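These notes concern the structure reproduced below.
The shown structure was predicted, so the numbers you read here are calculated from the model rather than taken from an experiment. A, B, ... follow the sequence lines: proteins, then strands. Residue 1 opens every chain.
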Amino acid sequence: MYDFKEIEKKWQNYWQEHESFKAINGGDKEKYYILVEFPYPSGAGLHVGHVRSYTALDAVSRMKRMKGLNVLFPMGWDAFGAPAEQYAIKNHIHPKEAVKENIKTFKAQIERLGISFDWSREFATTDPEYYKWTQWQFLQFYKHGMAYKAKKNINWCPKCKTGLSNEDAAGGVCERCGTKVVQKEKEQWLLRMSDYAEDLLTGLNDTKFADRVKLGQINWIGKSKGAEVKFAIKDSKESLTVYTTRPDTLYGATFMVVAPEHPIIKKLKDKITNMDEIREYQEFAKSKTEFERTELAKEKTGVRIAGIKAVNPINGEEIDIWTADYVMMNYGTGAIMAVPAHDGRDYEFAKKYGIAIIPVISGGDVNKEAYTGDGVYINSGILNGINNKEEAIHKMLDYLEEQKLGTPKVNYRLQDWIFSRQRFWGEPIPLVHCEKCGWVPVPDEDLPVKLPDVANYEPTDDGESPLANIKEWVNTTCPKCGGHARRETDTMPNWAGSSWYFLRYMDPHNDKEFVSKESLNYWGKVDWYNGGMEHTARHLLYARFWNQFLYNIGLVPNKEPIDVRVSHGMILGPNGEKMSKSKGNVINPDDIVNEVGADALRTYEMFIGDYEKDASWSTNGLKGCKKFLDRIWRLGEHLNENKGYTNEVLVHQTIKKVSNDLETMKYNTAVSALMILLNDYEKHDTVSKDDLRVLIALLNPIAPHITEEINEKYILGKPLCESSWPEYDENKTVNSTFELVIQVNGKVRGREVMSMTTTKEQMEAVAMENENVKKFLTGKKIVNVVVIPNKLVNIVVK
RNA sequence: GCCUGAGUGGCGAAAUUGGUAGACGCACAGGACUUAAAAUCCUGCGGGAGUCAUAUCCCGUGCCGGUUCAAGUCCGGCCUUAGGCACCA
């Protein structure tokens with residue numbers, strides 16, 4: 001037997017010493033850029049899920065290299081983020097120390113798997129040499145008017161004195177201390193991502209993302225077509241503009257609703273006669289978190305704004321204005337026209353508060369459920385009698401435009417990107433605020449703005465970043481006038497560093513530019529990007545937005561940075577549930593590598609099932625793959641002196657199958673094809689070196705260590721990683737015979753082995769002569785005979 | 001509520017896009033080797049009927065219906081389940 005620990009170590013050292021996987025910028029070879037999402041190096045260490053995607057793309061990388069391509073397959077660390085910060089606060093160390101330790105662990109774990117990353121390009125988003133350029137790019141956004149500061153509500157924990165992300169505030173309580181979260185208004189930096197909504201949508205046409213990935217992006221952008229309609233307010237110069245996708249139902253608008261934060265309330269406070277009640281309601285709405293407002297919205301609440309009335313522009317009806325938190329300030333105009341007869345929410349609200357419900361499309365049961373389908377328009381003035389929704393919408397829009405009451409309008413769900421975090425462990429936003437000059441960018445030569453080297457930082461009382469407490473860091477001089485200035489203390493979100501890291505890999509050690517033009521032109525797009533489904537919406541959108549911006553200001557050559565994007569399924573625990581410490585179903589890849597070796601782990605994870613679907617861990621399945629490798633090892637002891645392939649057709653078929661399967665992520669069937677080949681070899685007492693050579697070459701991308709060792713020991717050739725990929729001859733993938741299937745009325749009644757040169761007539765003749773088939777033909781009338789060449793004959797009888 | 005997938009043996013899964021359902025692996029059972037066990041090797045393995053054994057036949061890809069010479073695959077309608085989005089006007 002063999003010692004897999006020794007072998008694996010040996011070849012890992014070999015690859016490292018020979019820089020076997022180093023990508024070169026330039027040269028004659030065709031380039032190919034393969035990317036796996038870089039991990040967040042958490043204290044928990046590597047997950048078997050990482051092993052799955054890294055191995056899968058490693059297999060593609062290794063095959064492409066053997067096919068003669070210049071493959072860029074880099075790895076790095078997405079190391080900013082809250083967990084490192086929490087850990088550091090608790091233990092009074094600088095987060096960079098915790099990150100350093102975690103990276104060390106992660107890297108060692110990955111190296112033990114034998115993934116062919118080009119480690120010479122490694123970096124972490126927390127390296128000042130890297131975040132210097134993240135800051136520099138932020139300043140490009142700023143200088144091009146794409147970054148601005150605005151007041152936004154954030155989730156705020158009064159006990160921890162910190163802002164929380166929506167995820168951290170799930171359920172309306174602080175994840176850490178359980179205190180009820182409140183909404184707090186705070187000035188935040190934002191990037192004008194909504195300006196890019198249409199480009200981000202159409203840009204998808206220039207990508208080859210998997211459909212489910214594209215769909216995720218489309219949904220997130222959330223384009224909707226409708227109109228803005230202006231409602232006058234009675235006895236006032238003010239008016240309310242609403243956004244609606246159904247202007248055709250305007251005659252059915254029996255009231256209006258504005259979001260509790262809507263500015264109209266403040267503007268008309270002198271006219272409003274129940275301001276106390278409204279203020280109370282505003283407070284009530286504010287105390288709810290985003291979560292409660294959406295997820296837990298069981299019953300509608302609201303208050304009528306007394307003292308003012310709106311006028312329905314289409315029929316002059318005076319209608320009440322309400323405020324209710326089912327209308328959001330951040331979508332549309334923050335105000336709606338409510339059509340209770342044809343909208344479920346409006347209906348629910350109208351029912352509760354006894355507001356008139358006027359149907360404008362006939363055919364629906366208004367009493368039971370809101371009806372929004374097609375029907376004939378009624379009670380609708382100019383639209384009466386129309387029975388087509390599109391036509392009605394058009395007619396209404398034309399009328400509104402003519403009367404200057406409304407305009408067509410496209411809306412996007414996509415919002416501007418809130419880019420501020422009140423955190424220590426993130427890239428400082430490189431701006432200073434001077435009393436005289438206002439916001440001033442830190443000059444390029446002073447970048448990076450480094451995080452201070454302190455181990456203690458407490459949150460402030462007022463929701464500022466912990467950096468605000470570090471006076472010697474905050475106080476600085478204005479780059480413009482030299483006077484006193486204060487640094488911006490907000491840091492960037494975790495998504496910042498990961499929005500451009502794939503560009504940096506092209507030229508990771510450049511200290512003059514974020515990436516050189518030559519490197520960008522050489523590597524172009526990421527050819528194949530793999531990541532988790534959980535990142536296909538946000539991370540991918542941020543990265544595309546960032547890149548499109550860089551493209552628009554002439555810094556990168558492609559508008560879309562990624563060509564193909566695929567996502568892997570999760571590896572679940574043996575019980576079919578998501579692995580977690582609390583459930584006690586975590587499989588540690590280190591343990592598996594120790595028990596059966598990296599090759600067996602890799603092979604198993606490729607064999608486990610459809611790559612894009614979730615799969616449950618099975619220790620028995622793992623053993624089966626280990627057994628498979630052991631059998632291949634033993635094959636070396638059964639070599640003969642023959643030349644060529646013992647079973648030529650099967651070998652050529654297998655080369656074809658494995659090559660195609662690795663290109664199309666069908667890793668499980670690639671492994672099974674190799675198992676079939678091995679089973680065939682074992683039927684013969686001995687096999688040739690060529691037989692063994694082709695098997696281990698095809699297996700090498702998946703199980704690189706053992707195959708290299710067998711190659712060295714029995715084949716005596718140069719290492720597989722320096723050899724070329726086996727080639728097949730299409731003509732030799734075809735068998736000389738086939739099994740003819742004979743059906744009667746679609747049911748299999750006989751089989752005959754025949755030569756591939758058999759004609760259709762011969763096939764039919766043989767079918768008719770088959771003894772069992774004859775039994776089903778006697779006494780019946782043959783009405784049709786279908787012959788599929790080299791496959792089957794179906795005799796149709798009556 | 002809306003949008004995506006997915007449902008195939010005891011289990012993980014295949015099926016070249018309409019043409020032999022269950023490849024490959026696991027588990028299980030029987031056998032060989034062994035004093036014995038482990039490892040290894042051989043055989044069987046969807047359900048049922050039938051036979052000493054073959055042969056052969058019936059049923060079978062979540063459910064109901066349809067198209068077709070032929071349906072796991074296409075069409076219509078359901079059920080279950082996983083994920084994503086969501087008072088988005």
Side-chain angles (χ1 to χ4, degrees), chain A residues 1 211-216 218-220 222-224 226 242-246 249 253 257 259 293-300 324-328 330-339 342-346 348-349 369 411-415 533-534 536-537 569-570 576 603-604 607-610 612-625 627-628 630-631 634 653 656-657 660 666 668-679 682 738-751 771-772 775-776 783-788 791-797:
Chain A
M1 258 303 96
D211 283 346
R212 61 173 177 167
V213 175
K214 273 192 188 176
L215 219 82
I218 291 167
N219 289 341
W220 197 269
K223 182 176 183 172
S224 84
V242 302
Y243 174 73
T244 175
T245 54
R246 296 298 301 272
T249 61
V257 186
R293 251 179 100 155
T294 57
E295 309 270 327
L296 295 178
K298 285 184 196 115
E299 205 186 336
K300 301 261 178 299
D325 64 3
Y326 81 90
V327 173
M328 307 289 147
N330 58 11
Y331 184 79
T333 61
I336 63 161
M337 63 176 211
V339 184
H342 304 289
D343 180 281
R345 294 152 301 175
D346 297 344
E348 198 185 319
F349 195 82
E369 271 296 326
N411 244 308
Y412 300 93
R413 205 178 69 89
L414 187 69
Q415 313 261 314
M533 205 52 206
E534 69 276 18
T536 55
M570 274 191 296
T603 307
Y604 170 60
F607 189 61
I608 196 167
D610 186 332
E612 296 188 271
K613 288 189 199 133
D614 293 352
S616 300
W617 182 267
S618 154
T619 301
N620 280 329
L622 173 70
K623 275 194 242 162
C625 290
K627 217 159 83 176
F628 167 62
D630 291 346
R631 281 161 61 202
R634 270 182 251 126
Q653 283 174 341
K656 182 180 178 181
K657 173 111 182 107
N660 289 341
K666 293 175 160 187
N668 53 338
T669 49
V671 174
S672 96
L674 293 169
M675 287 173 168
I676 291 168
L677 187 63
L678 174 64
N679 288 346
E682 285 180 342
F738 71 98
E739 192 179 48
L740 170 68
V741 172
I742 309 159
Q743 299 181 335
V744 179
N745 285 348
K747 293 200 171 188
V748 181
R749 298 302 182 192
R751 295 154 200 273
E771 285 305 319
N772 196 51
K775 285 198 287 187
F776 292 89
V783 292
N784 191 14
V785 180
V786 180
V787 183
I788 308 295
K791 220 160 220 160
L792 67 75
V793 173
N794 187 13
I795 305 164
V796 188
V797 298

Exercise. Determine which bases of RNA chain B form Watson-Crick or G-U wobble pairs with both distances under 3.5 Å, and write the result as a 5' to 3' dot-bracket string with | for other-strand partners.
Key: (((((((..(((......[....))).(((((.......))))).((((......))))..(((((..]....))))))))))))....
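The side chain of Arg413(A) approaches C85(B) more closely than any other nucleotide in the set C85(B), U40(B), C69(B). Distance from the side chain of Asn620(A) is smallest to A27(B) among G19(B), U56(B), A27(B). Side-chain atoms of Lys747(A) lie closest to C58(B) of the nucleotides C26(B), C87(B), C58(B). Among C87(B), G19(B), C24(B), the nucleotide with an atom closest to any side-chain atom of Lys791(A) is G19(B). Checked against C85(B), C3(B), G19(B), the side chain of Trp220(A) finds its nearest nucleotide in C85(B). Side-chain proximity of Lys627(A) to C26(B), A89(B), A15(B): nearest is C26(B). In the set U40(B), A6(B), G12(B), the nucleotide with an atom closest to the side chain of Phe607(A) is G12(B). The side chain of Asn219(A) has C3(B) as its nearest neighbour among C87(B), U56(B), C3(B).
Atom P of G25(B) sits at a distance of 31 Å from the matching atom of U35(B), rounded to the whole Å. Only the P atoms considered, G12(B) is 16 Å distant from A82(B), to the nearest whole Å. One P atom belongs to U54(B), the other to C41(B), and the distance between them is 26 Å to the nearest Å. G9(B) and C45(B) have their C1' atoms separated by 10 Å, given to the nearest Å. Here the separation of U4(B) from U56(B), taken at their C1' atoms, is 47 Å to the nearest Å. For the P atom pair drawn from G47(B) and G10(B), the interatomic distance equals 7 Å after rounding to whole Å. Between the C1' atoms of G62(B) and G72(B), the separation comes to 12 Å (whole Å). Here, G50(B) and U61(B) have their P atoms 24 Å apart, quoted to the whole Å.
In this structure, Phe349(A) and Tyr326(A) have tilted ring planes: the angle between them lies in the 30° to 60° band.
Phe738(A) is linked by a side-chain contact (heavy atoms from CB on, under 4.5 Å) to Leu740(A), Met754(A), Met756(A), Thr758(A), Met763(A), Asn790(A), counting only residues two or more places apart in sequence or in another chain. Checked against ring-ring contact (aromatic ring centres under 6.0 Å, His included), Tyr604(A) has the following partners two or more places apart in sequence or in another chain: Trp617(A). Every residue two or more places apart in sequence or in another chain that forms a salt bridge (charged side-chain N to carboxylate O under 4.0 Å, His left out) with Glu739(A) is listed here: Arg751(A). Checked against side-chain contact (heavy atoms from CB on, under 4.5 Å), Lys223(A) has the following partners two or more places apart in sequence or in another chain: Glu198(A), Leu201(A), Lys225(A), Val410(A), Tyr412(A). For Lys623(A), there are no salt bridge (charged side-chain N to carboxylate O under 4.0 Å, His left out) partners at least two apart in sequence or on another chain.
Contact annotation for Asp346(A): no contact, since no heavy-atom pair falls under 4.0 Å across all strands. Nucleic acid contact class of Asn679(A) (heavy atoms, under 4.0 Å, all strands): sugar-phosphate only. Residue-level contact check: Thr245(A) touches the backbone only, with heavy atoms under 4.0 Å from sugar-phosphate atoms and none from bases. Across all strands shown, Ile676(A) has heavy atoms under 4.0 Å from sugar-phosphate atoms exclusively, and none from any base. Residue-level contact check: Asn772(A) touches the backbone only, with heavy atoms under 4.0 Å from sugar-phosphate atoms and none from bases. Nucleic acid contact class of Asp630(A) (heavy atoms, under 4.0 Å, all strands): none. Nucleic acid contact class of Tyr604(A) (heavy atoms, under 4.0 Å, all strands): none. Residue Gly624(A) is classed as a sugar-phosphate contact, given heavy-atom separations below 4.0 Å to backbone atoms only. Within 4.0 Å of Glu739(A), counting heavy atoms only, lies at least one base atom of the nucleic acid.
The residue among Leu215(A) and Asn745(A) whose nearest nucleotide of RNA chain B is located toward the 5' end is Leu215(A). In terms of position along RNA chain B, the nucleotide closest to Lys666(A) lies nearer the 5' end than the nucleotide closest to the other residue of the pair Lys666(A) and Glu682(A).
At a cut-off of 3.5 angstrom, the base of C26(B) holds no donor-acceptor pair with the side chain of Lys623(A). Side-chain to base pairing of Asn794(A) with C69(B): one donor and one acceptor N or O lie within less than 3.5 Å of each other.
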